[in-house]
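In what follows, every chain begins at residue 1, and chains take the letters A, B, ... in the order their sequences are listed.
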Amino acid sequence: MAMLEVNDIHTYYGNIHALKGISITVEEGEIVTLIGANGAGKTTTLRTISGLLKPRQGNVTLWGEDIVQYAAHEVVFQGVAMVPEGRGVFAKLSVKENLEMGAYSRKAGSGIRQDMDRMFALFPRLEERIGQLAGTLSGGEQQMVATARALMARPKLLLMDEPSMGLAPILVDGIFDTIKEINQEGTTVLLVEQNALMALSIANRGYVLQTGEVVISDSAENLKVNETVQKAYLGID
Amino acid sequence: MEEKTYTWRDLINYGLLGSVVTLYFGMIGMLELFDERILITPFLSLGDVLLFSGVIGIVFFAVNKFASSLNEAFKVGAVVGAVSAIFPIVLSFIATSELIAEQFVIRDVFVSVTDRLVEIYNFGLEPIVGSLVLIVAFAIVGVLTALFIKTDPKIERPLLMGIVLTLGIGLFSENVTQILGNLPAGIGRSISRLLFTNKALTIVSALIIFLLTAGITYWRMRRPTTGESRGFNFSFEDISNRGLNRAQMIQLAIVAVVLLLLPWMVGSFLSQVLFNVGLFILMGLGLNIVVGYAGLLDLGYVAFFAFGAYTMGILTTATSLNPGLGLNFWTALPFAILIAVMFGIILGVPVLNMRGDYLAIVTLGFGEIIRILALSDWLAPVMGGAQGVLKIAKPVFFGVEMGSPETMYYMVLAGSLLVGFVAIRLRDSRLGRQWMAMREDEDVAEAMGINLVQTKLMAFAIGAAFSGLAGAIFSARVNNIFPHSFNLLISINALSLIIVGGIGSIPGVIIGALVLVGLPELLREFSEYRLLMYGILLIVMMLVRPEGFIPAEIYKRELRADEETETEIEAQVTSS
């Protein structure tokens with residue numbers, strides 16, 4: 001059984017039909033990426049999985065259990081954490097407090113301290129900034145806070161929405177290295193990216209979305225050499 | 001420091017602004033009324049303070065904006081101050097010139113332009129001499145203000161404390177006399193005879209008070225603050241988080257004794273004032289949870305106050321219309337709170353998806369609906385309509401009937417302490433964190449696993465409970481309640497006191513209530529101008545100290561984020 005199965009979901013914003021029957025699967029231990037242009041429905045798919053949006057049709061299952069029935073805050077307790085688009089850190093809280101909020105869904109004393117140390121090992125920069133307000137950090141540091149905060153929930157599945165957005169190229173490399181590291185430590189990752197080349201370089205498999213539909217689904221290696229993908233998303237003629 | 005540039009035109013503009021303010025205070029009759037309250041005999045009245053306050057305020061802004069060096073500050077202060085005299089001078093010439101008086105009498109249009117007002121503007125001198133004196137006086141005040149702004153805070157603070165306390169004692173001389181009169185063995189009466197003549201400070205006593213206050217403040221500031229803290233400086237946070245050391249225990253004991261004896265020290269009138277302050281502290285603490293912690297702007301907060309009051313009223317009275325419930329205060333109290341909570345949740349459900357402005361408008365409407373329902377004939381059989389609910393029972397505490405301001409003070413004191421404690425515990429609880437996260441970003445909070453519905457409803461419910469308690473105590477004190485007691489102004493008062501005190505700050509609520517509820521009660525004779533003063537205070541606060549008198553840590557961070565980051569980075573650099 002696949003870890004996450006998204007079956008033919010249709011999601012609307014009011015009358016706008018944003019997702020027109022998206023189906024994807026994510027196996028445990030994988031990095032799967034959704035690539036596509038603006039407005040293809042990548043973020044909408046993530047928001048539907050995390051419960052922030054409800055599909056009108058179709059279902060989302062985690063280990064075979066339907067999670068559409070759960071409200072967004074309950075999905076977290078099922079082991080799905082999200083790093084929101086544009087980072088979404090609690091600007092007025094310190095780095096430490098942000099990480100503590102990430103562990104909200106867990107019981108006190110269940111190794112939260114140790115996990116925080118683990119986060120500081122993963123992002124040494126954050127330990128230097130532990131008392132600083134998240135809103136005053138640089139874009140790259142805020143991305144680290146958002147990622148670490150999501151990991152503090154000890155998710156089985158991590159949803160990442162455009163982690164490279166608005167970051168300098170040198171920082172993007174770092175973020176993707178970290179994603180790979182997180183994955184190697186046992187967290188499954190579903191990654192939405194506009195930077196298709198980077199995403200495909202670390203992913204196992206990928207889906208190409210176009211106007212609310214999956215148009216291509218293949219392994220990352222194949223996608224990298226796929227002619228359509230190269231033309232449309234990799235800028236290779 | 002960056003270079004600040006300005007032109008003569010800027011200074012004149014600021015001066016004209018100050019002039020308009022000074023003129024305005026006169027034209028609406030404020031100066032004349034305030035002039036009747038003498039602070040220091042024979043020369044300083046509250047009117048004089050008001051006359052100069054416009055100049056002081058405008059010079060404050062001008063110096064902060066334009067002047068970086070002391071010389072510049074003097075120049076800005078003098079020019080802005082002198083220009084501020086223009087309109088009052090023009091006015092006194094128009095009012096006194098016989099040539100113009102033949103054409104038209106300005107008093108026909110502006111009724112407040114009296115001979116007395118002109119006299120105030122001219123310091124009782126001939127128009128030409130008086131005008132010159134006014135210009136010079138304003139320029140001097142401008143320079144002094146500039147000097148004051150540019151001095152070292154170490155000197156500035158003692159001076160400010162001295163001035164505020166001296167003027168405060170002069171202003172409230174009657175109240176001070178009364179408090180002193182209650183001291184045993186006539187000591188107080190002799191002190192007040194020494195201090196005051198004709199209900200105002202003498203020059204000598206004013207000087208003594210000023211020097212004493214300034215001296216003590218200076219001495220206290222000079223003492224080293226490192227190591228174990230001394231002086232009166234424990235906070236609610238200390239009590240809840242750290243426990244207390246010996247010195248703090250003693251201070252706390254003194255505060256407790258003072259709070260307990262207060263009504264007997266200050267007499268009936270001031271007890272009533274304290275009672276009102278206490279009621280608004282209760283409401284403020286509740287609204288602080290909704291607005292300060294959860295970030296939900298609620299403008300209809302008075303509704304829950306009304307629910308508490310009406311429930312108490314209806315349950316404790318037995319009239320022909322409403323036969324025989326007649327509960328006593330203590331049995332009715334839980335119901336009053338419960339009903340308020342219930343309506344807190346009922347209001348909460350429809351506004352779950354609203355934020356900011358929309359929420360404010362809906363809650364505003366809700367508050368008005370409740371008031372109009374209470375007034376309506378439809379509910380008159382239960383709520384009494386325009387006649388209100390009369391003869392509400394007084395609480396009886398171990399056989400003592402509580403009805404006087406002194407005894408009801410204890411009721412509101414107990415309520416405030418309880419509610420304050422609950423508020424502190426809530427803020428530091430898991431629920432407090434949920435509110436904080438929700439206020440910051442609802443979507444992200446939800447993605448962290450926070451149940452927004454429950455979190456919001458808890459804020460509304462707890463806020464309503466505090467307000468309901470205040471309402472119940474209020475109705476037991478006044479014994480008769482009427483719909484018009486529950487108007488929008490109460491919501492606005494509660495919200496303003498939170499903003500002035502510092503959003504999200506519990507000590508801030510107390511200070512806010514003292515300033516916005518206590519002071520106006522003491523200054524009843526000027527109540528005509530109450531809302532104007534309110535407005536001025538709020539605007540000045542937002543310009544000068546937007547985080548409030550005693551800001552909560554988190555809001556202070558937000559508003560001072562830039563400075564703080566710099567110092568933090570410096571601290572990190574030096575420590576590493």
Side-chain angles (χ1 to χ4, degrees), chain A residues 43 46-47 49-53 70-95 97-108 127-138 142 145-146 149-150 152-155 158-159 161, chain B residues 292-295 352-353 427-458 502-505 546-547 551-576:
Chain A
T43 297
L46 276 203
R47 288 176 72 89
I49 295 169
S50 67
L52 286 168
L53 294 172
Y70 293 119
H73 66 271
E74 291 166 330
V75 171
V76 184
F77 289 85
Q78 304 300 314
V80 180
M82 178 151 94
V83 184
E85 187 178 13
R87 303 181 275 275
V89 296
F90 294 117
K92 279 180 265 167
L93 302 193
S94 69
V95 169
E97 287 164 331
N98 262 279
L99 297 196
E100 283 168 354
M101 284 309 308
Y104 174 83
S105 57
R106 293 166 57 184
K107 285 201 170 59
E127 192 163 21
E128 295 167 24
R129 298 257 182 263
I130 185 162
Q132 202 171 321
L133 298 192
T136 64
L137 299 174
S138 72
Q142 288 192 19
V145 171
R149 188 183 57 194
M152 285 301 288
R154 272 204 194 163
L158 182 67
L159 308 176
D161 198 351
Chain B
Y293 294 172
L352 278 174
N353 290 321
R427 184 198 56 197
D428 297 338
S429 72
R430 199 173 161 82
L431 187 57
R433 284 291 162 128
Q434 283 168 235
W435 284 330
M436 195 155 74
M438 180 175 78
R439 186 187 64 209
E440 291 282 302
D441 189 326
E442 291 197 359
D443 280 348
V444 180
E446 206 172 5
M448 297 293 106
I450 291 169
N451 184 341
L452 290 183
V453 172
Q454 189 201 332
T455 308
K456 272 192 188 176
L457 290 183
M458 281 303 275
I503 292 177
S505 152
E547 71 272 35
E553 200 46 46
I554 187 144
Y555 281 93
K556 197 159 56 184
R557 286 187 201 164
E558 180 196 358
L559 286 157
R560 304 277 179 221
D562 307 331
E563 298 161 30
E564 217 172 72
T565 335
E566 276 170 32
T567 49
E568 261 175 33
I569 290 169
E570 274 167 32
Q572 279 167 359
V573 169
T574 46
S575 67
S576 59

Taking A:Asp161 first and then A:Arg47, would you say they form a salt bridge - that is, a charged N and a carboxylate O separated by under 4.0 Å?
no
Sorted by chain and number, sequence neighbours left out, salt bridge (Lys or Arg N to Asp or Glu O under 4.0 Å) with A:Glu100 holds for A:Lys96, A:Arg113, B:Arg433
Under 4.5 Å to a heavy atom of chain B? For A:Ser105 that would be both
Okay, A:Ala81 and chain B: the region with an atom under 4.5 Å from a heavy atom over there is neither
When rounded to the nearest 0.5 Å, the distance separating CG of B:Leu431 from CE of B:Met458 is 5.0 Å
Acceptor/donor pairs from residues 450-457 of chain B side chains to any protein atom, 3.5 angstrom cut, sequence neighbours excluded:
unit_1   : atom_1 : unit_2   : atom_2 : d
B:Asn451 : OD1    : B:Val453 : N      : 3.2
B:Asn451 : OD1    : B:Gln454 : N      : 3.3
B:Asn451 : ND2    : A:His73  : NE2    : 3.2
B:Thr455 : OG1    : B:Gln434 : NE2    : 2.9
B:Thr455 : OG1    : B:Asn451 : O      : 2.6
B:Lys456 : NZ     : B:Leu352 : O      : 2.5
B:Lys456 : NZ     : B:Glu442 : OE2    : 3.2

The interface call for A:Tyr104 against chain B, heavy-atom contacts under 4.5 Å, is both
